[in-house]
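None of these values were measured; they are calculated from a predicted model. All values below come from the heavy atoms of this structure, side chains included, with hydrogens, waters and symmetry mates left out.
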Amino acid sequence: MDCLNFRGCVAECEKTGCAGGTCFPHCKFPSDGVANDGPWYMQEPLYLKWKQWDCQSDCRYNCMIDREKEREAVGHGPVKYHGKWPFTRVFGIQEPASVAFSALNLAMHFHGWLSFFILLYYNLPLRQDKKAYYEYASLWHIYGLLAMNSWLWSAVFHSRDVDLTEKLDYSSAVALLGYSLIVSILRSFNVRVEAARVMVAAPFLAFVTTHILYLNFYTFDYGWNMKVCVAIGVAQLLIWAIWVGITCHPSRWKLWVVVIGGGLAMLLEIYDFPPYQGFFDAHAIWHATTIPLTCLWWSFIRDDAKFRTSILLKKAK
């Protein structure tokens with residue numbers, strides 16, 4: 001019944017331009033941007049196109065809010081609409097908490113990568129060819145760029161959920177997870193020969209690329225994508241956990257915190273619950289928990305660079 005009421009409300013709103021006493025002037029514009037009751041040159045305002053505040057999205061949002069108020073009045077909890085929990089918009093942003101936490105994660109990765117770069121090329125000794133002694137420097141540079149790209153599209157997607165932003169967010173996340181698994185294998189098993197790295201990375205790169213193409217050009221299977229992401233996440237956590245359990249790395253406690261914290265945070269992706277006060281759902285809280293873990297993670301990477309450089313310098317003497 002709630003579903004029928006919601007759909008009926010949206011259909012009526014798209015015809016009349018009003019929902020629950022709120023009217024939207026831009027409902028005079030269909031999806032092609034041409035006014036229904038005006039000449040061809042009366043286009044939909046640019047700021048509405050850029051923000052994607054079209055008639056359908058505003059009608060869906062306000063009908064959703066009205067239905068949720070009705071459900072709350074009779075003691076019923078929130079339900080999902082088009083596969084998403086009812087969030088409260090802030091300045092047109094669909095999921096403000098997730099956007100804020102994604103932006104903070106992006107900032108933490110940028111700070112972590114930049115401090116790692118400065119450490120390598122300005123604070124630690126360099127080889128005669130001006131390259132870093134640390135053998136995994138290039139791997140972490142790529143990781144930093146993929147991480148920043150992933151959190152950028154996460155922020156964009158949670159700001160406005162459309163087909164393009166959804167695909168960019170999910171594809172970027174899968175690419176980061178797949179590459180993180182490769183790095184965990186290469187670092188844990190101390191793979192330093194370039195040919196061996198290529199042999200290890202090739203099958204994982206092939207699988208991740210195929211999975212991304214499958215999601216984007218065949219079918220966007222949310223259930224299958226969740227299984228793939230969880231499997232990759234668990235695999236790399238196990239690899240790091242085993243390695244940190246047998247290594248004598250001086251900063252292994254940082255890695256322990258990241259592994260345990262990351263494992264607990266992953267449960268938030270599996271255990272879904274509606275947003276508190278319309279803002280903080282399980283996904284948003286997961287984004288929040290990764291912020292301090294990111295700081296500690298990059299701290300471990302910097303320590304690893306110092307540790308490996310000191311070992312290589314001793315061997316060179």
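- A side-chain donor-acceptor contact under 3.5 Å links Ser102 and Ser154.
- Under the disulfide (SG to SG under 2.5 Å) criterion, Cys295 pairs with no residue at all, not counting sequence neighbours.
- Contacts of Leu238 classified as side-chain contact (heavy atoms from CB on, under 4.5 Å), with partners at least two apart in sequence or in another chain: Val234.
- For His158 and Phe101, the ring centers sit 6.0 Å or farther from each other.
- Listed by chain and residue number, nothing satisfies the side-chain hydrogen bond (donor to acceptor under 3.5 Å, both in side chains) test with Thr165 (two or more places apart in sequence, or in another chain).
- Remark: the Asn225 side chain and the His211 side chain contain an N/O donor-acceptor pair separated by less than 3.5 Å.
- Every residue two or more places apart in sequence or in another chain was checked for a ring pair (Phe, Tyr, Trp, His ring centres under 6.0 Å) with Phe217, and none qualifies.
- Trp240 has its ring centre no less than 6.0 Å from the ring centre of Trp256.
- At a cut-off of 3.5 Å, with distance as the only test, a side-chain donor of Trp140 or Tyr134 sits close to an acceptor on the other residue.
- Side-chain contact, Trp298 with Tyr143: no donor N or O sits under 3.5 Å from an acceptor N or O.
- With hydrogens and angles ignored, the 3.5 Å screen pairs no side-chain donor or acceptor of Tyr121 with any backbone N or O of Leu126.
- The closest side-chain heavy-atom distance from Val99 to Phe157 is not below 4.5 Å.
- For the pair Arg89 and Tyr61, the distance from NZ or CZ to the six-membered ring centre is under 6.0 Å and the angle to the ring normal is within 45 degrees.
- Aromatic ring centroids of Phe220 and Tyr170 lie under 6.0 Å apart.
- Applying the side-chain hydrogen bond (donor to acceptor under 3.5 Å, both in side chains) test to Trp153 and every residue at least two apart in sequence or in another chain returns Asn149.
- Taking Tyr214 as the reference, nothing meets the side-chain hydrogen bond (donor to acceptor under 3.5 Å, both in side chains) condition, with sequence neighbours excluded.
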Step-by-step disulfide (SG to SG under 2.5 Å) determination, Cys59 to Cys13: CA-CA 6 Å; Cys59 284; Cys13 174; 2.0 Å; yes
